[in-house]
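Before any comments, here is the structure.
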Amino acid sequence: MNPIYSRRRRKDIVVRGLCFGAAAFGVTWLALILVTLLYNGVAGLNLELFAADTPPPGSTEGGLRNAIVGSLIMTVIGVGIGAPLGLFAGTYLAEYGRNDKLTSVIRFINDILLSAPSIIIGLFVYGAVVVPMRGFSAIAGSLALAVIVIPVVLRTTEDMLLLVPNALREAASALGLPRSLVIKRIAYRAARSGLITGVLLATARVAGETAPLLFTALSNQFFSLGLNKTMANLPVTINNFVQSPYAYWKQLAWSGALLITLTVLALNIGARILGAERTAK
Amino acid sequence: MAVQSDIVDDAGPYDRAKALSAFKLGDVTFYWITRISAISVLLILGGIILSLIVGAFPAMKEFGFAFLWTQRWAPSADPPVLGALGPMYGTLVTSFIAMLIAIPVGLGIAIFLTELCPQWLRRPIGMAIELLAGIPSIIYGMWGFFVLGPFLANTFQPFMIKIFDGVPVLGAIFAGPPSYLSLFNAALILAIMVLPFITSISVDVFKTVPPVLKEAAYGVGCTTWEVVRSVVIPYTRVGVIGGVMLALGRALGETMAVTFIIGNSFRISSSIFAPGTTISAAIASEFAESDGLHQSGLILLGLLLFVLTFFVLAAARLMLMRLEKKAGN
């Protein structure tokens, strides 16, 4: 065989092997993390985890009820504020300002906010909400989450609305439907699964966010529903418990981590399945 | 049908003028709601910059530019001395090592997914890699703290230290003692976290290569590697660099995972197996208990980080936009 040819073949095989190795490397990490979480977390998954509040130091009884409820409340409020804003803003970009200068500026800024460090968002909300309100509060935490939700929803909304064929809009306009109803009744309906995907992805993104909550919502030991006080939440509770000397706290942290990860992965997979359905159509 | 009956209910069956004016009002209201929401994105950016500058102002006035090259971080000294050199060094070094690992691996996975992988395996592997991006940062931190840190300190680190012992420069970079908490551990976790960003953007831009170009290259007898190196990568170079910059922007600002495993030491050490800190880790671990000048100094660190990531991310977006234009033509 020609020596140059066999050298090229060898090189190709080596690189193929390396690429295969890289893929195996990536998938291995996911498997390792999930196995560790399951191994350490499953033992703590019982009714007490959902029924009892976080224990005081040294105690070996208690669960994560207050933290779970707090996380749910803050996530719901955060998504409740952020998702409509992102949805409307994305609507403007895709429907009204398609060839606008303003649109390209907003899209550019939004893409930067999408990847901006979440701890910076925490600092922003600390300065804009916590300091004027003179105290850490659940509402400050929710607002920090909302700021993270907006860019995610905006981006997917714009992308999904741009996929709706213009013929649909033209047909509706030809029937005399005003612009706002064309958008609400035709474009939104055609892009519905895509829009839901965006909201799910945003929820997944904020469900495990820790950094912006560290100095906005803080956390506490107790069950509370007041929005103007600190509120227990899963990520910060995990953060505090992991570094504690108590074995039981560490166990709770693992179980909480497993809970968050499963929730986030389920949301992600759900969003992807919805999104795939859309592109398959 | 639903459309018609709603409109008829709203306006009454026969009053055309009233119906039209209701349409007009609805149109104008909806337009402004969406426009104001869109503008709120700009307001958020403005608010972030403004609140960081206001918060950082006392520290800026006190330390001036010396903040940038002072290594000492002593908030409780009298008078307090704060310098950003340690956290800035840690941020840049961990991100650099992370990119060193993540770029080849991420591109390798992308090549595997677009050129080598059998069709039925593409979706599951692609999904697994993207799920890596979905795992919350704090989970990576916990895992790094309990599993990866001890593993590296007992196996990989002593191995590297022994190999490079006595070698100039490299000996100082891989100096002992092994540590659960170190710059290298943080960088490895960062590499795993940004891997999905590099891979998914590379896969997207690799798909923009016209098949006829690749087919022509295969047709003259190129191997897969030669096609990738001489056709796919040159064609998509700008997009790949954009993806890498995007990943770098993520790595620079990543907080919780790093906070757990970097050791929070403001001293600069030549060894990558020594503890260090990053800007985000310093803020996360000290901010809640800080006040006065100390807090202002932390906000100034945050401002530095924001400026840094802003430029990296802006460059990334501009590059990706250039490629999109090319693909559109």
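Residue numbers begin at 1 in each chain, while the letters A, B, ... track the order of the sequences. Keep in mind the model is a prediction, meaning the values are calculated, not measured.
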4.5 Å side-chain heavy-atom contact, [X] and [Y]:
| X | Y | result |
| --- | --- | --- |
| A:Val264 | B:Ile135 | no |
| A:Glu95 | B:Thr34 | no |
| B:Ile48 | A:Leu113 | yes |
| B:Leu148 | A:Trp29 | yes |
| A:Lys250 | B:Phe146 | yes |
| B:Leu305 | A:Ile119 | yes |
| A:Val242 | B:Phe145 | yes |
| B:Trp225 | A:Arg8 | no |

Which atoms of [X] approach chain B - backbone, side chain, both or neither, heavy atom under 4.5 Å:
| X | value |
| --- | --- |
| A:Ala24 | neither |
| A:Ile150 | side chain |
| A:Phe25 | side chain |
| A:Leu32 | both |
| A:Leu18 | neither |
| A:Leu258 | neither |
| A:Ala211 | both |

How far does [atom1] of [X] sit from [atom2] of [Y], to the nearest 0.5 angstrom?
| X | Y | atom1 | atom2 | result |
| --- | --- | --- | --- | --- |
| A:Leu87 | B:Ile33 | CG | CD1 | 11.5 Å |
| A:Asn40 | B:Met142 | CG | CE | 7.5 Å |
| A:Leu214 | B:Thr255 | CG | OG1 | 8.5 Å |
| B:Leu132 | A:Ile33 | CG | CD1 | 6.5 Å |
| B:Ile139 | A:Thr261 | CD1 | OG1 | 3.5 Å |

Next on the checklist: For chain A, which candidate among B:Val312, B:Thr224, B:Ile129 shows the most heavy-atom pairs at distances under 4.5 Å?
Outcome noted: B:Thr224
Item to check | Option that, when pairs with chain A are counted at under 4.5 Å, heavy atom only, ranks first among B:Leu246, B:Ile109, B:Leu113, B:Ile49 | outcome: B:Ile109
Next on the checklist: According to side-chain hydrogen bond (donor to acceptor under 3.5 Å, both in side chains), does anything in residues 114-128 of chain A pair up with another residue at least two apart or in another chain? List the pairs.
Outcome noted: A:Ser118-A:Glu209, A:Tyr126-B:Gln295
Checklist entry - Between A:Val14, A:Leu37, A:Val27, A:Thr36, which residue shows the highest count of heavy-atom pairs closer than 4.5 Å to chain B? => result A:Thr36
Checklist outcome for this item: With chain B, the option among A:Leu93, A:Val147, A:Asn239, A:Ile183 that has the most non-hydrogen atom pairs under 4.5 Å is A:Asn239
Checklist entry - Are B:Trp143 and A:Trp254 close enough that their ring centers fall under 6.0 Å? => result no
Quick check: closest heavy atoms across [X] and [Y], and the distance to 0.1 Å?
| X | Y | answer |
| --- | --- | --- |
| A:Ile260 | B:Pro136 | CG2-CG, 3.6 Å |
| B:Phe112 | A:Cys19 | CB-O, 3.9 Å |
| B:Gly302 | A:Leu123 | CA-CD1, 3.8 Å |
| B:Thr309 | A:Pro117 | OG1-CD, 3.7 Å |
| A:Pro235 | B:Ile138 | O-CD1, 3.2 Å |

Next on the checklist: Test side-chain contact (heavy atoms from CB on, under 4.5 Å) on A:Thr91 and B:Phe30; report intermediate values, then the result.
Outcome noted: CA-CA 10 Å; A:Thr91 308; B:Phe30 191 70; 4.2 Å; yes
Mark yes when over 12 heavy atoms from residues, nucleotides or ligands other than [X] sit less than 6.0 Å from its [atom1]; otherwise mark no.
| X | atom1 | value |
| --- | --- | --- |
| B:Arg123 | CZ | no |
| A:Phe20 | CZ | no |
| B:Phe57 | CZ | no |
| A:Tyr188 | OH | yes |

Checklist entry - Can you name the residues of residues 38-46 of chain B that have some heavy atom under 4.5 Å away from a heavy atom in chain A? => result B:Ala38, B:Ile39, B:Ser40, B:Val41, B:Leu42, B:Ile44, B:Leu45
Item to check | Pairs involving residues 303-317 of chain B, ordered by first then second residue, that meet salt bridge (Lys or Arg N to Asp or Glu O under 4.0 Å) (sequence neighbours left out) | outcome: A:Asp111-B:Arg317
Checklist entry - Which pairs count as salt bridge (Lys or Arg N to Asp or Glu O under 4.0 Å) when at least one residue sits in residues 10-35 of chain A, sequence neighbours excluded? => result A:Asp12-A:Arg16
Next on the checklist: Determine whether A:Ile269 and B:Leu131 satisfy the following criterion, side-chain contact (heavy atoms from CB on, under 4.5 Å), listing intermediate values before the conclusion.
Outcome noted: CA-CA 8 Å; A:Ile269 292 172; B:Leu131 285 184; 4.2 Å; yes
Item to check | side-chain contact (heavy atoms from CB on, under 4.5 Å) assessment of B:Phe23 paired with A:Leu181 | outcome: CA-CA 9 Å; B:Phe23 278 171; A:Leu181 289 184; 4.0 Å; yes
Checklist entry - Which region of B:Tyr31, side chain (C-beta onward) or backbone (N, CA, C, O), has a non-hydrogen atom less than 4.5 Å from a non-hydrogen atom of chain A, or is it both or neither? => result both
Item to check | Side chain, backbone, both or neither of B:Ile283 within contact of chain A (heavy atoms, under 4.5 Å) | outcome: both
Checklist entry - So A:Phe88 and B:Arg35, side-chain contact (heavy atoms from CB on, under 4.5 Å) or not? Walk me through it. => result CA-CA 8 Å; A:Phe88 286 133; B:Arg35 195 178 160 98; over 6 Å; no
Next on the checklist: Students often mix this up, so state it plainly: with edges at 30° and 60°, are the rings of A:Phe215 and B:Phe287 parallel, tilted or perpendicular?
Outcome noted: tilted
